[in-house]
Amino acid sequence: MSVQSNEKSLQTSETPLGRDDLARLVARDIAPGSFVNLGIGQPTLVSNYLTEEQNITLHTENGMLGMGPEAKGDQIDGDLINAGKIPVTELPGASYFHHADSFAIMRGGHLDICVLGAFQVSATGDLANWHTGAPGAIPAVGGAMDLATGAKDVFVMMTLLTREGASKIVDACTYPITGVGCVTRVYTDKAVFLIGPDGVTVRETFGCTLEELQDLVPVPLKATPAAG
Amino acid sequence: MLNFVDSVQDAVAGIKDGSTVMIGGFGNAGQPFELIDALLDCGATDLTVVNNNAGQGDQGLALLIKEGRVKKMICSFPRQSDSWHFDAKYKAGEIELELVPQGNLAERIRAAGAGIGGFFTPTGYGTMLAEGKETRFLDGKWQVFETPIHADVALVKALKADGKGNLVYRKTARNFGPIMAAAAKHTIVQVSEIVPTGGLDPENVVTPGIYVNSIVKVAGSGSTAEKAA
């Protein structure tokens with residue numbers, strides 16, 4: 001497969017990004033004043049790199065806006081937890097609401113960005129992140145489908161390759177999907193991908209050239225000339 | 001009709017075999033442990049339970065499942081690191097599971113309380129959880145028809161009630177309490193404090209007393225902190 005751009009390279013780092021560097025990059029890309037939901041696991045790391053100047057309000061789907069950092073020691077209160085059931089803190093200006101209101105915030109399109117982990121993302125933005133589909137696996141979906149279809153922008157954070165070396169960006173998802181055409185951006189250790197009506201565009205690469213990236217990913221990639 | 005009852009045993013005494021029971025709580029926050037323990041003791045079985053999860057650890061809803069009282073779970077997130085009682089029953093084919101996206105679960109409960117016969121939502125469109133359901137292209141999106149979830153009984157934990165049954169909750173322990181109280185035919189609430197009528201600021205009431213049938217005071221149940229420790 002050939003790359004549809006003559007640009008030599010979009011590299012912004014010489015090595016692949018670690019989880020914290022990736023979280024820092026996602027945090028930097030979140031517009032000031034945004035309302036954001038961070039999924040369980042790797043996306044939670046993003047909160048460590050949001051700055052006060054950004055004035056980001058974090059939503060947790062169990063019923064709170066204005067969530068603060070994880071609670072420590074005396075701060076721990078079993079009535080104040082996040083969606084991962086981890087004790088958290090409240091920031092000044094926080095609000096609590098019941099579950100239907102909390103999901104209306106997502107489903108009504110009020111949330112600017114959610115950041116989710118994924119098993120696979122397709123070239124058209126289909127997301128698979130809730131169920132392996134393996135026989136005997138007990139399925140659990142939580143709020144993933146509501147976030148995927150409700151947030152204005154759905155960012156995915158994941159490693160580009162599985163442990164076996166297969167690309168998680170795929171032509172069509174083989175895992176059961178969470179949402180159709182919902183992902184707008186994918187942050188991986190090797191590149192940032194923008195997904196739009198005209199296909200998959202690479203915004204930057206980490207520790208590889210666009211050509212090397214194209215050898216790993218089974219969908220046509222285009223380069224974007226400027227940061228998006 | 002609002003009743004103040006003296007014990008959790010009295011509060012749940014009327015729950016019959018085969019009932020659909022909504023149980024508030026998200027994880028342990030807001031889970032009415034004392035009412036669930038009383039439900040376990042009263043022996044009601046063949047229950048359909050609506051909760052976000054399917055119990056965790058060796059307490060509350062997890063014990064109800066372990067003892068075989070639950071024939072069906074309607075929930076969004078059954079599988080957790082400590083959901084071993086549900087996992088065992090599910091793998092043995094001894095419990096039925098209706099898996100519902102969390103926002104659909106909340107909205108279906110809300111719809112029941114609000115007299116809504118069903119609604120269309122984009123959540124779940126194109127996924128295996130929407131298989132067999134009616135779909136329509138509305139408002140520029142494909143949407144899936146979802147129906148309300150009614151219940152015979154709701155077990156809810158709140159922080160305080162007043163003499164009219166008005167409720168306030170505490171932090172993220174509020175979660176499903178207000179919508180379950182509205183959706184069930186009979187709502188039983190455990191609180192840590194009962195204040196005189198007029199003792200709650202009407203501007204701050206979260207669940208109006210019209211949705212509440214039975215209230216029982218459970219000492220020290222105000223915060224989940226001591227239960228979860």
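Proteins come first, then strands; the chains are lettered A, B, ... in the order of their sequence lines, and each starts at number 1.
Between chain B and the residues E61(A), R107(A), K85(A), H98(A), the most heavy-atom pairs under 4.5 angstrom are made by R107(A). Each of V180(A), I81(A), N82(A) has some count of heavy-atom pairs under 4.5 Å with chain B, and the biggest count is that of I81(A). Taking chain A as the reference chain and counting heavy-atom pairs below 4.5 Å, the highest number among G126(B), A106(B), P178(B), G103(B) is found for G103(B). Between chain A and the options N53(B), T127(B), L97(B), heavy-atom pairs under 4.5 Å are most frequent for T127(B). Of the residues considered (L99(B), N52(B), D87(B)), L99(B) shows the highest number of contacts with chain A, using heavy-atom pairs under 4.5 Å. Between chain A and the options P78(B), A54(B), C75(B), G124(B), heavy-atom pairs under 4.5 Å are most frequent for P78(B). The greatest number of non-hydrogen atom pairs below 4.5 Å with chain B, out of P139(A), A148(A), G143(A), is found for P139(A). Heavy-atom pairs under 4.5 Å with chain B were tallied for A94(A), G142(A), G63(A); the largest tally goes to G142(A). Chain B forms the most heavy-atom pairs under 4.5 Å with one residue out of I177(A), T149(A), I138(A), and that residue is I138(A).
Under the 4.0 Å criterion applied to side-chain N and carboxylate O atoms, K171(B) and E90(A) are assigned as salt-bridge partners. Ion pairing between a basic and an acidic side chain is recognised when a charged N comes within 4.0 Å of a carboxylate O; D29(A) and R203(A) show such pairing.
To the nearest 0.5 Å, atoms CG (D20(A)) and CG (N48(A)) are separated by 7.0 Å. Atom CE in M64(A) sits 12.0 Å away from atom CD1 in I105(A) (nearest 0.5 Å). Here the straight-line distance linking atom OG of S192(B) with atom CZ of R170(B) works out to 9.0 Å at 0.5 Å rounding.
A 4.5 Å side-chain heavy-atom check between T207(B) and Y169(B) finds at least one atom pair inside the cut-off.
Proximity to chain A is absent for every atom of V206(B), based on heavy atoms less than 4.5 angstrom apart. Heavy atoms of F86(B) lying under 4.5 Å from chain A belong exclusively to its side chain. Of the atoms belonging to Y96(A), heavy atoms from both backbone and side chain fall under 4.5 Å from chain B. Only the side chain of R174(B) comes within contact range of chain A, with at least one heavy atom under 4.5 Å from a heavy atom of that chain. Of the atoms belonging to T121(B), it is side-chain heavy atoms, and not backbone ones, that fall under 4.5 Å from chain A. With a threshold of 4.5 angstrom between heavy atoms, Y125(B) approaches chain A through its backbone and through its side chain. Neither the backbone nor the side chain of D101(A) comes within contact range of chain B; no heavy atom of the residue lies under 4.5 Å from a heavy atom of that chain. Only the backbone of T178(A) comes within contact range of chain B, with heavy atoms under 4.5 Å apart.
Between L61(B) and Q31(B), the shortest heavy-atom contact is N-OE1, 3.1 Å.
Ring-plane geometry between Y187(A) and F155(A) is classed as tilted, the angle between the planes lying from 30 to 60 degrees on a 0 to 90 degree scale. Under the 30°/60° scheme for interplanar angles, the aromatic rings of F97(A) and H59(A) are found to lie parallel. Between Y175(A) and F119(A), the two ring planes are tilted [angle within 30° to 60°].
Here the options are L167(B), I188(B), N166(B), the test is side-chain contact (heavy atoms from CB on, under 4.5 Å), and the partner is V212(B); only L167(B) passes.
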